[in-house]
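Let me begin by presenting the structure, written as structure tokens, before commenting on it.
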Amino acid sequence: MEKRQQLYAGKAKSVYHTDDPQRMILHFRDDTSAFDGERMESLARKGMVNNKFNAFIMRKLEAAGIPTHFDGLFSDTECVVKKLEMIPVECVVRNIAAGSLVRRLGVEEGIELNPPTFELFLKNDAQHDPMINESLAESFGWATPEQLAEMKALTFKVNDVLKALFADGGLLLVDYKLEFGLFHGQIVLGDEFSPDGCRLWDANTRDKMDKDRFRQGLGGVIEAYEEVGRRIGVDFG
Ligand code: ADP
Ligand code: UDP
């Protein structure tokens with residue numbers, strides 16, 4: 001596989017063409033953003049840590065029968081993925097109340113959500129990723145009802161697999177965001193799964209071990225990501 005010109009640079013990853021029109025290379029940079037890109041910082045080792053973390057999770061999900069875009073590692077900070085036609089809708093599942101749910105509803109952080117909740121957000125930085133619903137997604141053509149139903153089912157399946165995986169490492173999977181795309185008409189999990197896009201708390205102390213350490217200026221961001229990785233068996237080399 002040969003890396004070709006850059007197609008797109010997002011806030012934390014860059015996307016490259018390859019010699020295969022159906023494959024792309026995702027480069028995980030050290031850049032870290034919060035609050036819709038208002039705050040940007042470079043954190044040493046982050047690209048490598050998230051690339052290897054993501055590879056480990058994607059392989060676990062594939063093994064559980066969840067279709068993902070992940071093909072394999074390309075370097076310490078890059079992986080090869082299937083080129084998807086991305087659906088501009090973010091799927092969020094929550095097992096415990098935190099973040100925007102707490103701000104929006106005024107509920108207490110840390111309460112258990114039973115059953116877990118499912119929310120949709122439009123991927124649109126300029127509009128601050130507004131919350132949407134299935135009706136809006138259908139009317140505006142962001143996704144069909146069938147696609148949304150499949151995305152929801154897959155997002156909950158991911159919850160079953162990952163809640164158990166993190167529990168074995170003494171961690172609570174509080175919430176997470178997933179993005180999907182189409183590959184030959186099939187809904188496939190895209191983008192990444194790393195502590196940048198989920199919340200993970202230590203099960204005993206409830207210490208935050210995810211991107212909230214960056215958002216809240218708690219320090220030790222990458223050290224926490226590495227600790228999470230070690231607890232679930234990621235090999236950072
Ligand atoms: P953001 O778009 O939030 O700034 P990133 O910095 O992570 O995010 O940029 C990565 C971009 O690549 C995102 O827009 C994401 O939707 C897109 N992407 C991720 N995986 C794939 C894929 N397999 N095919 C096409 N696009 C992808
Ligand atoms: N999330 C994300 N990207 C986004 C929005 C949310 O990765 O653009 C993740 C976030 O890290 C958390 C979950 O989705 O794990 C739920 O986020 P929430 O709605 O609480 O928003 P936040 O408080 O992060 O603004």
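Every number for a ligand or one of its atoms is a count from 1 in the order of the listing.
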Region of R215 that comes within reach of ligand 2 [heavy atoms, distance under 4.0 Å]: side chain
Between Y225 and D210: side-chain donor-acceptor atoms closer than 3.5 Å: no
salt_bridge(E179, K177) N-O dist < 4.0 Å: yes
Residue portion contacting ligand 1 (non-hydrogen atoms closer than 4.0 Å) for D191: both
Test item: side-chain donor near acceptor, R94 and S100, under 3.5 Å: yes
Main-chain N/O of V221 paired to K46 side chain as donor or acceptor, under 3.5 Å: no
Min heavy-atom dist R94 to ligand 2 below 4.0 Å: yes
Residue portion contacting ligand 1 (non-hydrogen atoms closer than 4.0 Å) for V15: side chain
For ligand 2, the portion of E119 having any non-hydrogen atom under 4.0 Å away: neither
N95-N159 side chain donor-acceptor pair, cut-off 3.5 Å: yes
Whether K211 lies under 4.0 Å from ligand 2, heavy atom: no
Any G181 heavy atom less than 4.0 Å to ligand 1: no
Parallel, tilted or perpendicular: rings of F193 and Y176 (30°, 60°): tilted
Heavy-atom neighbours of F140 CZ exceed 12 at 6.0 Å: no
Close approach of K123 to ligand 1, heavy atoms, under 4.0 angstrom: yes
Identity and separation of the nearest protein heavy atom to atom 11 (C) of ligand 1: Y8 CE2, 3.5 Å
Proximity flag D212 to ligand 2, non-hydrogen atoms under 4.0 Å: no
Under-4.0 Å heavy-atom contact with ligand 2, by part of D129 that carries it: side chain
Part of V174 within contact of ligand 2 (heavy atoms, under 4.0 Å): neither
